[in-house]
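These numbers come from the heavy atoms of this one structure, side chains and all, not from hydrogens, waters or symmetry mates. Each chain gets a letter, A, B and so on, in the order its sequence line appears, and its residues count up from 1. Quick caveat, the model's predicted, so the values are computed rather than measured.
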Amino acid sequence: MSAPSPRAARPLLRLGIVALIAALVVAGFLLLMIRGSFSYSLGVRSTMLGAMIIAAFTQGVGTVIFHTITQNRILTPSIIGFDSMYTLMQTLMVFFFGGTVISNTEGIPKLLAQTLLMVIFATLLYRWLFSGKFGSLYLLLLVGVVIGMAFSSLSVFLQRLLSPTEFDLLSVKLFGRISAVNPEYLPLAFGICALIGLVIWRRRHRLDVLLLGRDAATAVGVNHRRELTIMLMLIAVMVSFSTALVGPMTFFGFIVATLAYQVTGSHRHQYVLPMAFLLGIITLAGGQFILQNIFYAGGFLTVIIEFVGGILFLVLLLRKGTP
Amino acid sequence: MFRLRRTVVLPLLIALTVALIITSLLVGGYDITLANLFTDPDAREMFFISRIPRTLALIFAAVAMSVCGVIMQAITQNKFVEPTTVGSSQWAGLGILVMLILAPNAAPMPRMIVASVFAFIGTMLFMFVLRRIPLRSSMVVPLVGIMLGAVVGAITTFIAGQFNLLQSMSSWASGGFSGIVRGFYEPLWATVIVAILAFFLANRFTVAGLGRDLATNIGLNYERTVLIGILMVALATGVTSVVVGFIPFLGLVVPNIVSMLLGDDLRRNLPWVAVVGICFLLACDLIGRVIVAPMEIPASVILGFIGAAVFIGLVLRQQRRVGA
C-alpha cells in the first residue's frame with residue numbers, strides 16, 4: 001500500500017483505537033474479578049471468549065455484507081428469518097431421521113451436512129426474495145419477518161410431534177448459549193471463519209462496487225447475480241455457526257453493523273468489516289463482563305442485546321420513514 | 001358472482017361451523033358420543049366440565065380476536081394490523097408477568113384487569129408511534145408493531161428470567177385451550193359484550209379510519225371514537241390472554257378473508273367475521289388435538305404457521321395489485 005492519504009488514514013486510526021479498546025476489554029474479561037481457581041476460571045472464560053469471537057465475526061461481518069448486497073442498512077439476516085430457518089432445518093432433520101441422527105453423527109460430517117442443507121435452502125429462498133420483484137424495501141422486510149415467524153411456528157409444531165427423548169436431544173443440541181458453549185466446536189468454527197474471512201477479504205473491493213447497485217456493478221464488470229449468490233451462501237454458513245454456538249440473536253448483527261458505519265467514517269469494506277468484528281467483540285465481552293460481575297445476571301446478555309437492538313431498529317425504521 | 005358467493009358460500013360456512021362445533025364437543029381423551037351422552041352420567045359430567053367450556057372458550061376467543069382485528073384495521077386504515085402485530089398481546093403478557101410477581105395467588109379477575117390495562121398502554125403506545133411515522137406506508141405500520149412487540153417480549157423474558165418465571169411464562173404463552181374447564185373460562189363472556197358493542201359502533205370506526213379531519217367534518221368525535229376502540233381491543237385482548245394465551249394472526253387473517261368474500265361493509269361483515277373466526281380457530285384446535293393424541297399441540301402454534309402463510313399471501317397480493 002502506498003503512503004496513506006489523510007482521508008484514508010482516518011479510518012485506519014479509528015480502527016486502531018477500536019482494536020486497542022477491544023484488546024483491553026478482552027483482557028479485562030479474561031483476567032479481572034476472578035473468584036476462586038484462576039486456571040479454571042480462565043479456561044471457562046476462554047471458551048466463552050472463543051464463542052464470542054465467532055459470534056462477533058459471523059454476525060458482524062455477515063450483516064455488513066448482507067447490507068451491501070441488498071443495498072440497505074435495515075434488513076439483517078437474523079431479522080428476516082435466517083435464524084429461524086436454521087432452527088427449522090435442525091428440527092426437520094430430527095423429525096425425518098430421528099433423534100439418533102443428532103447423537104450418532106457427531107462432529108464434522110453432521111455439521112457440514114446441516115450447513116449444506118441450510119445453505120441450499122437459504123440461498124434459494126432469499127435469492128428469490130432479492131430477485132428484485134418486490135418493489136419496496138419495507139415489503140421485503142415485512143415478508144422476511146413474517147417468513148421467520150412462520151418458520152418458528154412450524155419448528156415448534158414439529159417439535160411437538162417428536163417423542164420426548166428426541167425433543168430433549170434436539171433442545172440440548174439446538175441452541176448454544178454464550179455461557180455454556182461446547183468447546184469441541186470451536187476449532188472447526190475458527191477454521192471455517194478464517195476461510196470465509198479470507199474469501200471475503202479477497203472480494204472486499206468487489207463488495208465496494210456492489211454498494212453502487214446492480215447496474216453500476218454490472219457496468220464495471222462485476223457479475224451481480226453470482227456475487228449475490230456467493231455472499232448469500234457465505235452468510236448462510238455464518239448464521240448456522242453463530243446460531244449453533246451462541247443461539248439466535250435477532251438484533252446483534254444489526255447493532256454492530258449500525259455502529260460500525262457510524263464509527264468507521266468510511267464506506268470501504270476493508271475498514272467497515274474489521275470494525276464490525278471488533279465492535280462485536282467489545283459488545284459481547286464487555287456486556288457479558290458487566291452483567292456477570294455487576295448485575296450478577298450472566299445468562300441475559302442476549303436478552304439485553306435484543307432489547308437495545310430492537311429499540312435502535314425501531315428508531316432507525318421510523319427515521320427512515322421519511323422518503 | 002357476488003350473489004353466488006352470498007347464496008352458496010355463506011350457508012356452507014354456517015354448516016361447516018356447526019359441524020366443527022359438534023366435532024369439538026365430541027373429540028377428546030374421554031369417550032363421549034351423542035348416544036352415551038344421554039345414557040352415561042359420567043360422560044355427561046365430563047361433557048359439561050370439560051368439553052362445553054373448552055368449545056365455548058374457543059368460540060369466545062375466536063370472536064374476540066377477530067373483532068379486535070376488525071376494529072384495529074378500521075381505526076388505522078391498515079389491513080395488516082391486529083393485536084399480535086401491534087404488540088397489544090405482548091403487553092398483556094407483560095401484565096400477566098407483573099401479576100405473577102406481585103400477586104402470584106391473585107384471582108382471575110384482577111389478573112385480567114391488569115392484563116387489559118397493559119394491553120391498553122401497549123396499544124396507545126403503538127397509536128402514538130403510528131402518528132409519528134411520516135410515511136404511513138402500509139408495510140411500515142405492521143413492521144413497527146411487530147418490532148414493538150419484540151422489544152416488549154424481550155423485556156418480559158428478561159424480567160421472567162430474573163424471577164425464575166420463564167417456564168410459567170412459556171407455558172402460559174403456548175397454553176392454548178387444553179386446560180380450560182368449568183369455572184375458568186367464564187370471564188370470556190366479557191368478549192361477547194365487546195363484539196356486540198363493535199357491531200353498533202362499526203360505522204363510527206369506519207369513519208374514524210378516514211382520518212381526524214374528515215371524521216370531525218362529518219361530525220364524529222374522533223379522539224373519543226379511537227379511544228373507545230382501543231379500550232375495546234385492550235379489554236378483549238387482556239381477557240383472552242389470561243384465559244388462553246397468545247392467538248397469533250387470527251385477527252388479521254379472518255377480517256381479510258371476509259372482506260375478500262363480501263367487500264368492505266364493516267357492519268354487515270362483522271357477524272361473518274365472527275363465524276369465520278370460530279371456524280378457523282376450531283379447525284386449528286381440532287388439528288392440534290387429533291394429530292398427536294393423547295397429547296396436544298396448542299392451536300396458537302398451528303395458527304402461527306397458517307396465519308403467517310396467509311399474511312404473506314395477502315401482502316404479495318396487495319403488492320401485485322398496487323404494482324399493476
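When heavy atoms are compared at a cutoff of 4.5 Å, A:F157 approaches chain B by way of both its backbone and its side chain. Neither the backbone nor the side chain of B:I306 comes within contact range of chain A, judged by heavy atoms closer than 4.5 Å. Contacts between A:V146 and chain B at a heavy-atom distance below 4.5 Å involve backbone atoms as well as side-chain atoms. For B:I146, the part sitting under 4.5 Å from any heavy atom of chain A is the side chain, from C-beta outward, and nothing else. For chain B, no part of A:F151 is nearby; none of its heavy atoms comes within less than 4.5 Å. Looking at A:I147, the atoms closer than 4.5 Å to chain B (heavy atoms on both sides) sit in the backbone and in the side chain alike. Within the 4.5 angstrom heavy-atom criterion, only side-chain atoms of A:L314, from C-beta onward, approach chain B.
Looking only at heavy-atom pairs under 4.5 Å with chain A, the residue among B:I302, B:L303, B:I291, B:L143 that has the most is B:L143. Looking only at heavy-atom pairs under 4.5 Å with chain B, the residue among A:G309, A:G148, A:S152, A:S153 that has the most is A:S153. Put simply, of B:G153, B:A150, B:P248, B:A154, the one with the most heavy-atom pairs under 4.5 Å next to chain A is B:A154. Chain A forms more heavy-atom pairs under 4.5 Å with one residue of B:G304, B:G307, B:A309 than with any other, namely B:G304. The candidate with the highest count of non-hydrogen atom pairs below 4.5 Å against chain A, out of B:I312, B:V152, B:L148, is B:I312.
Residues A:M149 and B:F311 are not in side-chain contact: their nearest non-hydrogen atoms beyond the backbone lie 4.5 Å or more apart.
The 12-atom threshold is exceeded at OH of A:Y261, counting heavy atoms of other residues, nucleotides or ligands nearer than 6.0 Å.
Within residues 121-129 of chain B, the residues having any heavy atom less than 4.5 Å from a heavy atom of chain A are, in residue-number order, B:V129.
Contact detail for B:F305 and A:A150: the closest heavy-atom pair is CD1-O, 3.5 Å.
In this structure, the separation between OG1 on B:T157 and CD1 on A:I304 is 12.0 Å, given to the nearest 0.5 Å. Here the OG1 atom belonging to B:T85 is positioned 9.0 Å from the CG atom belonging to A:L142, to the nearest 0.5 angstrom.
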